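Each residue takes its place number in the sequence, starting with 1. All of these numbers come straight from a predicted model, not from anything done at the bench.
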Amino acid sequence: MTRTTTALSATVKQFGRTPVLLALLIALPAYFVGLLGYVLPDAPITVQVPGMTVRTTLVNGTLPMLAALAAAMVAGIAGLFLTVDTLDADGWLSLAGLPARTLFVARALALAGAAVLAAAGASAVLGLHVVPDQPVVFVASVVVLAVTYGLLGAVVGVLTSRPAGVYVMLFGPAIDLFLFHSPLATDPPIWAAAFPGRYAGVAAMDAAFSADPNWSALAWGVAYLAVTAVSAGVVVARGLRT
């Protein structure tokens with residue numbers, strides 16, 4: 001067993017010892033998507049996606065965004081909790097000779113797995129009410145978005161305390177996806193492009209309402225994820241030395 005595999009196994013066990021995360025994995029998608037899918041009225045609304053305007057109902061227009069939001073929140077909080085819970089131990093492991101890069105790769109792989117589960121869970125609940133026009137592209141875009149927020153949660157875990165970090169990882173995705181890059185939003189500020197929802201989030205909403213996937217937005221989302229991964233690796237590595 002390699003050192004990365006050993007660290008990954010320990011990380012998965014750490015997730016298993018955090019029942020709050022397991023509860024969020026089920027509760028957030030069930031609440032945001034499942035419950036609201038039953039209580040929202042079927043009022044007619046207009047949603048905006050790049051290049052087109054779609055007339056639909058309030059349920060069909062908001063649930064895909066809420067599914068993406070639930071996955072991003074769960075993954076972000078997972079990244080936060082994982083970093084807060086393991087940073088001190090990782091510092092000692094690094095001093096003992098385990099490379100910081102190995103530790104980060106193991107943590108990032110575990111976060112990616114949690115993000116995939118969050119995206120799959122949210123999309124499964126969404127499918128009970130609304131089926132995106134491009135379901136595969138929708139799920140792929142939500143996975144990219146969730147992994148990105150998982151890594152951002154890891155950065156927040158280094159820079160803040162757990163209580164403050166929870167607020168950041170709840171309100172950050174909500175502002176991004178609900179206010180700036182929701183299909184109901186119009187004319188977001190220019191600086192909103194700094195949020196990951198501008199890319200993978202837009203690709204997900206486009207896949208939900210259009211038969212023509214927005215490959216450009218998804219590609220930029222993957223690029224944003226790559227930059228976030230490198231940045232998170234640097235921040236976490238520095239956190240191990242402080």
Show me, pair by pair, the donor-acceptor contacts under 3.5 angstrom made by side chains of residues 60-67, not counting sequence neighbours?
unit_1 : atom_1 : unit_2 : atom_2 : d
Asn60  : ND2    : Thr57  : OG1    : 3.4
Thr62  : OG1    : Leu58  : O      : 2.7

Report yes or no: do [X] and [Y] belong to one cluster of Ile/Leu/Val/Met/Phe/Trp/Tyr joined by side chain heavy-atom distances under 4.5 Å?
{"X": "Phe209", "Y": "Trp215", "answer": "yes"}
{"X": "Phe178", "Y": "Ile175", "answer": "yes"}
{"X": "Leu35", "Y": "Val125", "answer": "yes"}
{"X": "Leu170", "Y": "Val156", "answer": "yes"}
{"X": "Leu225", "Y": "Leu69", "answer": "yes"}

- Item | All ring-ring contact (aromatic ring centres under 6.0 Å, His included) counterparts of Phe195, not counting sequence neighbours |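 With sequence neighbours excluded, Phe195 shows a ring-ring contact (aromatic ring centres under 6.0 Å, His included) to Phe180, given in chain and number order.
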- Message: For Tyr199, give me all partners under ring-ring contact (aromatic ring centres under 6.0 Å, His included), at least two apart in sequence or on another chain.
- Response: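 Expected list: Tyr224.
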Using every non-hydrogen atom in the two residues, find where [X] and [Y] come nearest and quote the distance to one decimal.
{"X": "Val130", "Y": "Pro132", "value": "O-CD, 3.7 Å"}
{"X": "Gly197", "Y": "Leu177", "value": "CA-CD2, 3.8 Å"}
{"X": "Pro183", "Y": "Met205", "value": "CD-SD, 3.8 Å"}

Distance-only donor-acceptor pairs under 3.5 Å for side chains of residues 140-152, two or more places apart:
unit_1 : atom_1 : unit_2 : atom_2 : d
Ser141 : OG     : Val137 : O      : 2.8
Thr148 : OG1    : Val144 : O      : 2.7
Tyr149 : OH     : Asp176 : OD2    : 2.6

- Message: For the CG atom of Leu159 and the CG atom of Leu80, what is their distance to the nearest 0.5 Å?
- Response: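 Output value for this atom pair is 10.5 Å.
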- Task: May I have all residue pairs that pass side-chain hydrogen bond (donor to acceptor under 3.5 Å, both in side chains) and include part of residues 124-134, sequence neighbours excluded?
- Result: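 Every candidate side-chain hydrogen bond (donor to acceptor under 3.5 Å, both in side chains) pair involving residues 124-134 fails, so no pair, neighbours aside, qualifies.
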- Item | side-chain contact (heavy atoms from CB on, under 4.5 Å) partners of Ser216, counting only residues at least two apart |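 With neighbours one apart ignored, the set is Asn214, Trp220.
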- Non-neighbouring partners of Val136 that pass side-chain contact (heavy atoms from CB on, under 4.5 Å), sequence neighbours left out: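 side-chain contact (heavy atoms from CB on, under 4.5 Å) list for Val136, sorted by chain: empty.
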- Set of residues satisfying side chain to side chain donor-acceptor pair (under 3.5 Å) with respect to Thr46, sequence neighbours excluded: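 Thr46 satisfies side chain to side chain donor-acceptor pair (under 3.5 Å) with Arg55 only.
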Side-chain donor/acceptor pairs under 3.5 Å, residues 71-79, sequence neighbours excluded:
none

